[in-house]
Structure formats: C-alpha cells, structure tokens
Amino acid sequence: MAAASGATSGEKGSVHIVYTERPEGDEPEAHHVRTLASVLGSEDAAKEALVYTYKNAACGFSAKLTPAQVDEISKKPGVLQVVPSKTYQLHSGPGVMRQ
C-alpha cells in the first residue's frame, strides 16, 4: 500500500468531517476505518487519525487530515462531502439578559 498522502511533506492536519453513504451489510465504524486507511496507508494510521464516528442522524466520521488527504478522500466512492470541523463558543456572562 502507498505511504500516507501528505505524510512526508510535513503538512499538519486539522479535523474534518467526512460524510459517507451508509454501508450496506457492514458496521459503519469498520467501513469508516477502511475508507480512511485507503488514504492514510494503514488501519493503524486511520485509527490514530479518527476522532469520532457518526452513525445515527448522519453517517460519517471526523478525522485529522492534511489538505492533500482531504482532496484524496473526497474522490473516494461513497464519500459525499468533506468539511472542516468548526467549534463555536457560546457567550454568556453579566451582559446577558435573563427573565
């Protein structure tokens, strides 16, 4: 199997959410690990990069990926969309009105 895309270039990965089709006759997490391994080069690398597996309301996973890996995984069969993960802060404090 080829070396992980972007692994030798020193690129740093950031967390992305990868939306996939629901796998038929397969456990979602196992399918997600295999999809990720096809880009990263091994199941061990995939398990290390995997942050979370989504399997209820949506099917997919979040993982740390470099820009080159995002490009490569976007082209895989069954991958619907790849988007950067964003964290939002809720603001509250003394200036918040309460009733």
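Keep in mind the model is a prediction, meaning the values are calculated, not measured.
For K75, the side-chain hydrogen bond (donor to acceptor under 3.5 Å, both in side chains) partners at least two apart in sequence or on another chain are D71. Every residue meeting the side chain to side chain contact (heavy atoms under 4.5 Å, CB included) condition with S14, not counting sequence neighbours, appears here in chain and number order: H16. S62 is linked by a side-chain hydrogen bond (donor to acceptor under 3.5 Å, both in side chains) to nothing, counting only residues two or more places apart in sequence or in another chain. Contacts of K47 classified as side chain to side chain contact (heavy atoms under 4.5 Å, CB included), with partners at least two apart in sequence or in another chain: V33, E43. Partners of D26 by side chain to side chain contact (heavy atoms under 4.5 Å, CB included), not counting sequence neighbours, listed by chain and number: P23, A30, H31, R34.
Nearest heavy-atom pair across A49 and L36 is CB-CD2, 4.4 Å. What you find for S38 and K76 is that their closest heavy atoms are OG-CE, 3.4 Å.
V15 and L40 end up in different hydrophobic clusters when Ile, Leu, Val, Met, Phe, Trp and Tyr side chains are linked at under 4.5 Å.
A 4.5 Å side-chain heavy-atom check between V18 and L65 finds at least one atom pair inside the cut-off.
Here ring-ring contact (aromatic ring centres under 6.0 Å, His included) pairs that include residues 45-86, with residues two or more places apart or in two chains, are H32-F61, Y52-Y54.
To the nearest 0.5 angstrom, Q81 atom CD is 9.5 Å from I17 atom CD1. Here the straight-line distance linking atom CD of E48 with atom NZ of K64 works out to 9.5 Å at 0.5 Å rounding. Note that OG1 of T20 and CD1 of I73 are 9.5 Å apart. Values are rounded to the nearest 0.5 Å.
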